[in-house]
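Read the structure below first, then the notes.
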Amino acid sequence: MTITSPHLGSPSAWTDARLLFALEEVVENELNRHLQVAKDWMPHEYVPWSDGRNFPGLFEDGEAWGKEQSKVTEIGRVALVVNLLTEDNLPSYHHEIASLFGRDGAWGTWVHRWTAEEGRHGIVMRDYLLASRAVDPDALERFRMSHMSEGFESDNRHSMLHSVAYVAFQELATRISHRNTGHQSGDPVCDRMLSRIATDENLHMVFYRNLLKAAFEIAPDLTMQAVRDVVVDFRMPGHGIPGFERAAAQMAIGEVYNLRIHHDDVLQPVLRFLKVMEIDGLGPEGLRAQEELGVFMGGLDSEAAKFDERLAARKARMAARAAG
């Protein structure tokens, strides 16, 4: 695939303001496409309300929470809390993208529509967790207060291109995390709810992925550098959650989200769609970024293979222990 340089000349001509203006029509087209394919859904229809009962507090008949009250697995419980707390920081996410993309025109319309759709995710997940008694409500609220009180600042807020590149991967990562959490939850109701959320996240990924494709067409060198930076330094938005590292390790072992999943199901699909490694006609900086991206992906695949081996060995030990 050959991409020619824009008529504006050198990469230094591309400021965030010019990129926002140049991509406005693409955003409008993608927004219209999104609105045609996105289906409205009602969060309350995915919640098992009939399972709900009072917790202790203002109600004298409240029943204290216990793990045995829910059919959700332990790994499902851990991942659900991480996923919900990630969704809970929506006010900070909205502030970040509204400040970067603006509140006017097609960009602004998308920012508000995205926020409205994402708002459903936190609503339905919290209602499900409380109605099904899948988690300790007091601990969940303390986690929420701690996490949201810290706020959120994107690693990529310095650059519009970096931000677009990040969300193209992050939306897919979130979709995969929700989908796998549902599969590992042990509860068909939870699986159905998270499948519905994952569908939204996939549509959001498609929006940003297509926007990133257009950015490659007008500013290939800068976009390649942004993709390289984002892939190499990628962190999930929930990394600031209290106890995130331990939870992430549990989710990796539980096959909700780990190096292999990150490489195969998140990074590779987006890079393949964009044909990033096939782009030619790049300048020195773009070419260097492309080469470094290739090296990094090779190294990540090797690290994922080592993780796969450790995980397989762990499963074998547990199976032998269970058999004995």
Side-chain angles (χ1 to χ4, degrees), residues 1-40 90-119 152-172 174-175 200-231 237 269-271 273-276 279 281-283 285-286 289:
M1 176 169 67
T2 302
I3 295 179
T4 57
S5 297
H7 67 276
L8 289 181
S10 68
S12 61
W14 284 118
T15 63
D16 276 1
R18 285 184 173 181
L19 284 165
L20 288 168
F21 179 77
L23 291 169
E24 177 88 21
E25 184 177 348
V26 179
V27 172
E28 183 174 2
N29 291 338
E30 286 301 312
L31 173 62
N32 290 334
R33 181 198 54 76
H34 176 83
L35 294 175
Q36 288 175 356
V37 298
K39 292 181 172 62
D40 276 340
L90 182 60
S92 286
Y93 306 150
H94 174 84
H95 174 75
E96 289 275 332
I97 65 172
S99 298
L100 192 63
F101 297 155
R103 295 173 173 83
D104 300 319
W107 282 103
T109 302
W110 167 254
V111 166
H112 294 303
R113 173 71 189 198
W114 175 87
T115 302
E117 292 184 3
E118 287 286 342
F152 173 81
E153 286 189 345
S154 170
D155 296 332
N156 303 288
R157 62 189 180 279
H158 64 285
S159 160
M160 174 265 185
L161 275 180
H162 281 73
S163 295
V164 170
Y166 175 73
V167 289
F169 294 104
Q170 179 266 317
E171 292 283 3
L172 183 52
T174 304
R175 174 212 167 193
D200 278 3
E201 302 290 10
N202 196 62
L203 290 178
H204 297 165
M205 178 277 292
V206 170
F207 178 95
Y208 287 118
R209 183 196 65 187
N210 292 350
L211 192 56
L212 191 58
K213 182 176 185 292
F216 265 116
E217 292 171 357
I218 65 172
D221 289 283
L222 289 179
T223 306
M224 185 67 74
Q225 293 172 70
V227 168
R228 182 267 320 272
D229 294 345
V230 164
V231 168
V270 175
L271 295 175
F273 175 86
L274 297 172
K275 299 182 179 178
V276 169
I279 295 174
L282 295 166
E285 292 300 318

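The analysis underlying the following values was restricted to heavy atoms, covering all of them including side chains, and did not include hydrogens, waters or symmetry mates.
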To the nearest 0.5 angstrom, please state how far the CE atom of Met160 sits from the CG atom of Leu211.
5.5 Å
A side-chain contact here means heavy atoms from C-beta on lying under 4.5 Å apart; do Lys213 and Phe273 qualify?
yes
For Ala38 versus Glu117, what's the shortest heavy-atom pair and its separation?
CB-OE2, 4.1 Å
For a 4.5 angstrom cut-off between non-hydrogen side-chain atoms, does Val167 reach Leu212?
no
On a heavy-atom basis, which atom in His158 and which in Asp16 lie closest, and how many Å separate them?
O-OD2, 4.2 Å
The salt bridge (Lys or Arg N to Asp or Glu O under 4.0 Å) partners of Asp155 (sequence neighbours excluded) come to Arg235
By side chain to side chain contact (heavy atoms under 4.5 Å, CB included) - contacts of Pro91 (at least two apart)
Met148
Residues passing the ring-ring contact (aromatic ring centres under 6.0 Å, His included) test with Phe169, sequence neighbours excluded, are none
What pairs with Asp229 under salt bridge (Lys or Arg N to Asp or Glu O under 4.0 Å), at least two apart in sequence or on another chain?
none
Is there a side-chain contact between Trp14 and Leu161, using heavy atoms and a 4.5 Å cut-off?
no
Less than 4.5 Å apart, any side-chain heavy atom of Arg33 and any of Asn210?
yes
If you count heavy atoms of other groups shown closer than 6.0 angstrom to CZ of Phe21, is the number above 12?
no
Only one of Glu201, His94, Arg113 passes side chain to side chain contact (heavy atoms under 4.5 Å, CB included) with Glu118, and that residue is Glu201
Would you sort out whether Thr223 and Val164 count as a side chain to side chain contact (heavy atoms under 4.5 Å, CB included), showing the intermediate values?
CA-CA 9 Å; Thr223 306; Val164 170; over 6 Å; no
Any side-chain heavy atom of Thr174 within less than 4.5 Å of one from His204?
no
For the atom pair CG (Asn29) and CZ (Phe207), what is the distance rounded to the nearest 0.5 Å?
10.0 Å
In Å, rounded to the nearest 0.5 Å, how long is the span from NE2 of His34 to CG of Leu31?
7.5 Å
Side-chain (Asp221) to main-chain (Gly283) donor-acceptor, under 3.5 angstrom
yes
When rounded to the nearest 0.5 angstrom, what distance separates CD in Gln225 from CG in Leu282?
9.5 Å
Please find the pair of heavy atoms, one from Tyr93 and one from Pro237, that lie closest to each other, and give the distance.
OH-CB, 3.8 Å
Which atom of Leu19 lies closest to which atom of Ala219, heavy atoms considered
CD2-CB, 4.3 Å
Kindly give the heavy-atom pair with the smallest separation between Val230 and Ala165, and that separation in Å.
CG2-CB, 3.9 Å
Identify, with sequence neighbours excluded, every residue that meets salt bridge (Lys or Arg N to Asp or Glu O under 4.0 Å) alongside Arg175.
none
Rounded to the nearest 0.5 Å, how far apart are CZ of Arg228 and CE of Met224?
10.0 Å
Rounded to the nearest 0.5 Å, what's the gap from CD on Glu171 to CG on Asp200? Could you check?
9.5 Å
Side-chain polar contacts of residues 95-108 - donor-acceptor pairs under 3.5 angstrom, sequence neighbours left out - could you list them?
residue, atom, partner, partner atom, Å
Ser99, OG, His95, O, 2.7
Trp107, NE1, Leu20, O, 2.9

